[in-house]
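Just so you know, residue 1 is the first one in the sequence shown, and it goes up from there. Quick note: numbers below take in every heavy atom, side chains included, and nothing from hydrogens, waters or symmetry partners. In each ligand, atom 1 is the first atom listed, and ligand 1 is the first ligand listed.
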Amino acid sequence: MPKVNFVDLGRQYEGLKDEILGAFDRISRGGGYVMGPDLETFEAEFAEYCDVGYAIGMGNGSDALHLPLLVMGVGPGDEVITAPNSFVASAWSIARTGAKVVFADVGEDMNLDPAAVEAAITPRTKAIMVVHLTGRVANMEAFAAIGERHGISIVEDAAQAVGATRSGRKAGSFGAFAGFSLHPLKNLHVHGDAGICVTNDAAMAEALQQYRNHGLVNRAECAFWGVNTRMDSIQAAIASIKLKHLESWNSRYRDIASHYAKELGGFVQVPSHGEHESPVYHRFMLRTSQRDALQGHLSEAGVGTAVNYPVPLHLQPAAADLGYEVGSFPVAEKLAGEILSLPLYPELHDDEIEHVVRSVKTFFDKI
Ligand SMILES: *Cc1c(COP(=O)(O)O)cnc(C)c1O
């Protein structure tokens with residue numbers, strides 16, 4: 001019986017080993033370990049890939065959300081609206097500016113519900129941070145309209161959505177800025193932590209280039225107190241090597257997801273999307289009221305799964321001072337009890353995919 005790990009990063013490395021070791025060797029000999037030409041090359045490639053003017057590499061995806069908020073002047077007294085069913089970094093990036101995190105409920109697409117967001121707007125609302133959960137671009141037409149109506153910036157947490165499109169437009173090209181993560185669990189990942197922020201705003205790009213590097217304009221001049229959150233040359237070189245494969249990997253993500261959806265749609269609720277959407281399935285999240293039992297059954301069958309995420313952000317101890325409670329966001333809370341992520345990565349073998357499908361089916365056959 002095949003064992004299907006939830007992630008298996010070594011497989012991708014095996015396929016690219018010679019190229020990655022070559023880059024490691026070249027950079028190690030050259031000595032330009034930080035802020036070198038490899039970073040500039042990857043930034044240019046990534047900006048082009050996302051159809052945006054500028055890309056600024058950082059030490060992680062969280063900083064790629066946090067620093068641009070600071071550059072926009074978000075701080076104490078402001079509010080930023082975001083999704084309660086995201087990874088903690090979405091809320092963290094807001095809270096750490098000193099602004100208040102305001103959550104709004106999500107819809108059946110698992111992304112922020114535009115009507116709920118609009119209802120949460122106050123005179124203090126400075127921005128709306130839309131999260132493209134699981135690599136599915138949220139309803140950006142609706143959010144653009146809300147932003148215009150209220151004079152509020154729309155920004156994108158695109159950490160899970162590299163390469164996803166909506167009406168032909170790439171994730172990251174909709175908002176005032178977008179933050180991407182290159183963490184090992186993301187569709188485009190490096191061998192450690194890294195992140196990248198994209199924007200069409202030249203002034204914001206310049207400020208971010210300085211902010212991530214102590215506020216330095218050059219070796220001699222420090223314009224303001226920034227931070228140190230840079231993307232290493234070796235990680236940037238690995239990202240460039242992998243970016244060349246991203247479109248074919250993403251299409252494999254989509255193929256496996258559509259196979260899962262076709263095979264399992266009669267047993268569990270599976271994700272669906274409109275014709276104008278092309279998600280990248282960072283996660284394949286099914287829904288079932290028997291989630292915990294199904295997860296236990298799959299574990300016994302050797303299939304690794306995960307719940308992304310079991311506790312909504314508004315119910316985290318870190319969010320206690322925001323005053324939310326159980327029942328504040330019924331859709332997000334219901335989802336947290338029903339979602340289950342199946343193994344999904346481009347290197348999965350067909351027999352492994354079949355084993356996952358069969359194992360889900362045998363669970364429901366027994367009931
Ligand atoms: C991964 C992730 C982040 C943070 O990225 P890091 O690189 O881990 O800092 C932010 N938001 C979402 C939705 C994520 O999935």
Side-chain angles (χ1 to χ4, degrees), residues 6-7 9 42 46 55-70 80-97 101 103-104 106 109-112 127-138 140 143 154-164 171-172 174-175 177-198 208 211-212 227-232 235-236 238-239 242 250 253 279-285 306-314 316 318-319 332 335-336 339 341 344-345:
F6 186 64
V7 286
L9 299 175
F42 175 62
F46 194 78
I56 305 95
M58 298 194 191
N60 54 72
S62 305
D63 284 340
L65 295 166
H66 177 59
L67 296 194
L69 288 176
L70 293 174
V80 179
I81 301 170
T82 195
N85 62 336
S86 185
F87 181 60
V88 295
S90 313
W92 169 89
S93 69
I94 298 163
R96 271 289 150 198
T97 66
V101 182
F103 293 113
V106 295
D109 65 353
M110 302 196 196
N111 281 325
L112 274 173
I128 297 164
M129 181 180 284
V130 179
V131 183
H132 306 314
L133 201 77
T134 73
R136 179 180 185 185
V137 178
M140 296 312 284
F143 291 112
I154 307 299
V155 306
E156 300 174 69
D157 178 343
Q160 302 187 354
V162 64
F174 295 91
F177 73 79
F180 288 89
S181 170
L182 306 181
H183 179 276
L185 292 181
K186 304 295 156 69
N187 288 28
L188 176 66
H189 64 260
V190 298
H191 293 197
D193 275 308
I196 190 159
C197 180
V198 300
L208 288 173
Y211 221 126
R212 68 169 172 192
V227 296
N228 176 356
T229 181
R230 300 174 298 225
M231 190 193 298
D232 295 339
Q235 302 297 6
I238 292 173
K242 294 191 173 186
N250 277 346
Y253 275 96
V280 292
Y281 290 97
H282 160 66
R283 291 281 174 252
F284 182 91
M285 279 197 209
V307 176
N308 308 103
Y309 303 91
V311 181
L313 297 177
H314 66 285
Q316 292 289 346
L335 281 170
I339 50 176
S341 303
L344 177 48
Y345 38 97

Check: Knowing that exactly one of L188, L182, N187, V190 qualifies, which makes a side-chain contact (heavy atoms from CB on, under 4.5 Å) with K242?
Finding: L188
Next item on the list: Report yes if D157 has an N/O atom closer than 3.5 Å to an N/O atom of ligand 1; otherwise report no.
Entry: yes
Margin query: Exactly one of L67, L69, L208 should register a side-chain contact (heavy atoms from CB on, under 4.5 Å) with F177. Which one does?
Written below: L69
Check: Tell me: protein heavy atom nearest atom 9 (O) of ligand 1, and distance?
Finding: S62 OG, 2.5 Å
Margin query: Against ligand 1, does K186 come closer than 4.0 Å with any heavy atom?
Written below: yes
Next item on the list: Give yes or no for whether the N/O distance cutoff of 3.5 Å, strictly under, is met between G61 and ligand 1.
Entry: yes
Check: For ligand 1, which part of A159 has a heavy atom less than 4.0 Å away: the side chain, the backbone, both, or neither?
Finding: side chain
Next item on the list: Decide if the gap between the ring center of F143 and the ring center of F174 is smaller than 6.0 angstrom.
Entry: no
Next item on the list: Taking R212 for its side chain and G57 for its backbone only, find out whether a donor-acceptor pair lies under 3.5 Å.
Entry: yes
Next item on the list: For A89, take its heavy atoms, then give the atoms of ligand 1 lying under 4.0 Å from any of them.
Entry: 3 (C), 4 (C), 10 (C)
Checklist line | Contact with ligand 1 for S86, non-hydrogen, under 4.0 angstrom | finding: yes
Checklist line | Any side-chain donor near an acceptor of the partner, E156 and H132, under 3.5 Å | finding: yes
Checklist line | N or O pair under 3.5 Å between Q160 and ligand 1 | finding: yes
Notebook entry, point to check: Going by distance only, is there an N or O of D193 that falls short of 3.5 Å from an N or O of ligand 1?
Noted result: no
Check: Taking all non-hydrogen atoms of both residues, which atom of S341 and which atom of N308 are closest, and how far apart?
Finding: OG-OD1, 2.6 Å
Check: Where does the angle between the aromatic ring planes of F87 and Y309 fall among parallel (under 30°), tilted (30 to 60°) and perpendicular (over 60°)?
Finding: tilted
